[in-house]
Amino acid sequence: MDNIVFQVDGHLAEITINRPKALNALNSATLKELQVVIEEIANNSEIRVVILTGSGKKAFVAGADITEMKEMNAIEARAFGRLGQKVFSSLENLPQVVIAAVNGFALGGGCELSMACDMRLASTKAKFGQPEVGLGITPGFAGTQRLPRLVGKGRAKELIYTADVIDAQEAYRIGLVNKIYEPEELLDKARELAHKIISKGPCAVSLAKSAINNGLNMDTESAFNYEAEIFGLCFATKDQKEGMAAFVDKRKADFKGC
Ligand code: DAK
């Protein structure tokens, strides 16, 4: 792969978008490579948590590749948008937890990519925004949908209509990021968080992700029913047996998976 670095160490996988000269902007080639990596992760049950970051000190992802988009006609732009949406949805729907380590600019498609992850940890240097309307387009990788779900309709509209770029503190204040760290400690903190999650019941974590993600797209009654189904399903897993046995035996649980 030319645009992505992919590493697996035990239960942890790390994806680095690696086009630092273009501030890790997402072109079609990078999106296709990302799709391949996501499929590999989806098929590897040893992997429990994924960290997604950008290479270099300046950017997480500075958006979709404007140089490539500039030349597109309407049909090509639609195909590009569909590719991006598909990749971002498969990332969001991975059974594993995905943590975005936002090390710099997360603009346009970059902000949208971080929002397709389960959590966002930001460096103090991170900057977030949806600058698309300044380019004469609308957010195309589901930013109009994920941003209001994360920060509320009013704040999402303000960010999208003004194309304002906000710093990590403001992103934290409005609930777009979970935590802020100094740039040099960001990845270590992301790995620390990853290992904390890895130490819990992997099936339970994955099922909780499914309950949250799917439940949010349902009416309340269906979501409650779905949660009850998921809760019941836990009792068919080794995680539940080991977790509860460990509690009763007053020892640390040793989860091996479903
Ligand atoms: N695309 C391509 N190249 C980019 C880029 C981008 N998004 N962002 C930066 N670069 C390149 C610059 O062109 C420059 O390349 P060289 O000139 O060195 O060859 C290099 O990265 C360094 O950037 P700068 O020289 O500009 O660095 P600065 O520190 O001065 O500025 C910046 C950093 C992040 C503020 C600035 O680069 C910037 O404003 N970048 C663009 C940010 C942006 O507007 N991002 C949103 C892109 S639009 C859809 C599908 C997708 C989308 C929409 C619709 N459908 C088809 C439905 C998504 C749209 C977007 O994401």
Side-chain angles (χ1 to χ4, degrees), residues 3 17 19-32 34-35 52-54 56 58-92 98 100-178 180 216-217:
N3 306 294
I17 310 291
R19 298 184 71 215
K21 285 189 183 145
L23 301 188
N24 304 320
L26 298 173
N27 57 7
S28 311
T30 308
L31 284 173
K32 284 176 188 155
L34 194 52
Q35 181 68 36
L52 175 62
T53 194
K58 221 170 145 181
F60 172 69
V61 166
D65 191 309
I66 300 170
T67 318
E68 187 184 25
M69 278 194 298
K70 185 175 149 289
E71 306 300 331
M72 287 177 187
N73 61 32
I75 303 292
E76 289 163 341
R78 186 177 62 183
F80 183 65
R82 283 196 175 145
L83 172 66
Q85 284 178 347
K86 186 170 157 224
V87 175
F88 286 23
S89 290
S90 45
L91 181 70
E92 185 170 47
V98 186
V102 182
N103 53 314
F105 288 109
L107 303 177
C111 186
E112 291 167 307
L113 182 64
S114 80
M115 291 190 291
C117 299
D118 292 286
M119 284 164 275
R120 284 145 295 285
L121 305 186
S123 98
T124 49
K125 299 256 167 72
K127 301 240 187 284
F128 296 81
Q130 296 289 158
E132 286 88 347
V133 295
L135 294 165
I137 56 175
T138 55
F141 293 151
T144 59
Q145 303 310 306
R146 289 198 180 99
L147 189 58
R149 283 169 170 79
L150 272 171
V151 304
K153 196 157 77 169
R155 287 195 172 114
K157 285 181 171 177
E158 184 181 346
L159 279 171
I160 290 172
Y161 298 168
T162 61
D164 276 352
V165 173
I166 57 171
D167 62 16
Q169 272 301 338
E170 177 64 359
Y172 177 72
R173 195 185 70 79
I174 64 174
L176 184 54
V177 305
N178 297 65
I180 306 175
L216 280 172
N217 292 326

- The reported gap from CG in L113 to CG in L52 (rounded to nearest 0.5 angstrom) is 5.0 Å

- Taking all non-hydrogen atoms of both residues, which atom of C111 and which atom of F128 are closest, and how far apart? SG-CD2, 4.3 Å

Hey, can you pull the donor-acceptor pairs under 3.5 Å for the side chains in residues 60-69, sequence neighbours left out?
unit_1 : atom_1 : unit_2 : atom_2 : d
D65    : OD1    : T67    : N      : 2.9
D65    : OD1    : T67    : OG1    : 3.4
D65    : OD1    : E68    : N      : 3.0
D65    : OD2    : R19    : NH1    : 2.9
D65    : OD2    : R19    : NH2    : 3.3
E68    : OE1    : S28    : N      : 2.8
E68    : OE1    : S28    : OG     : 3.4
E68    : OE2    : S28    : OG     : 2.7

- Query: S89 side chain to K86 main-chain N or O, any donor-acceptor pair under 3.5 Å?
  - Reply: no

- Query: Ignoring hydrogens and geometry, is there a side-chain-to-backbone donor-acceptor pair from N103 to A126 under 3.5 Å?
  - Reply: no

- Item | With E170 via salt bridge (Lys or Arg N to Asp or Glu O under 4.0 Å) - residues at least two apart | R173

- Message: Quick check for you: to the nearest 0.5 Å, what is the distance between F141 atom CZ and L83 atom CG?
- Response: 7.0 Å

- Taking only residues two or more places apart in sequence or in another chain, which ones pass side chain to side chain donor-acceptor pair (under 3.5 Å) with Q130? E132

- Here the gap from D164 atom CG to E158 atom CD, rounded to the nearest 0.5 Å, amounts to 6.5 Å

- Message: side chain to side chain contact (heavy atoms under 4.5 Å, CB included) for V98 and L91? Distances and angles first, verdict last.
- Response: CA-CA 8 Å; V98 186; L91 181 70; 4.1 Å; yes

- Task: Provide the closest heavy-atom pair for P148 versus G143 in the form atom of the first, atom of the second, distance.
- Result: CD-O, 3.6 Å

- Heavy-atom pair with the smallest gap, counting every atom of V133 and A163: CG2-CB, 4.1 Å

- Residues in side chain to side chain donor-acceptor pair (under 3.5 Å) with N178, at least two apart? none

- For residues 139-152, which residue pairs qualify under salt bridge (Lys or Arg N to Asp or Glu O under 4.0 Å), counting only residues two or more places apart or in two chains? E92-R146

- May I ask you to test the F80-L31 pair for a side-chain heavy-atom distance under 4.5 Å? yes

- Task: For the pair R78 and I75, evaluate side chain to side chain contact (heavy atoms under 4.5 Å, CB included) and give the outcome as yes or no after the intermediate values.
- Result: CA-CA 5 Å; R78 186 177 62 183; I75 303 292; 4.2 Å; yes

- Message: Checking L26 against V87 for the side chain to side chain contact (heavy atoms under 4.5 Å, CB included) test, could you report, in this order, the C-alpha distance in whole Å, the side-chain angles of both residues, the deciding distance, and whether it holds?
- Response: CA-CA 11 Å; L26 298 173; V87 175; over 6 Å; no

- Message: Quick check: do T30 and N24 have side-chain heavy atoms less than 4.5 Å from each other?
- Response: no

- Query: Minimum heavy-atom separation for G175 to V151, with atom names?
  - Reply: C-CG1, 4.4 Å

- Query: How far does OG1 of T144 sit from CD1 of I160, to the nearest 0.5 angstrom?
  - Reply: 6.0 Å

- Message: Within the 4.5 Å heavy-atom criterion, are N3 and L34 side-chain neighbours or not?
- Response: no

- Hey, mind stepping through I174 and L150 against side chain to side chain contact (heavy atoms under 4.5 Å, CB included) and telling me if it holds? CA-CA 9 Å; I174 64 174; L150 272 171; over 6 Å; no

- The complete set of side-chain hydrogen bond (donor to acceptor under 3.5 Å, both in side chains) pairs with one or both residues in residues 105-121, sequence neighbours excluded, reads D118-K209

- Kindly compute the distance separating NZ (K157) from CG (L147), expressed to the nearest 0.5 Å. 12.0 Å

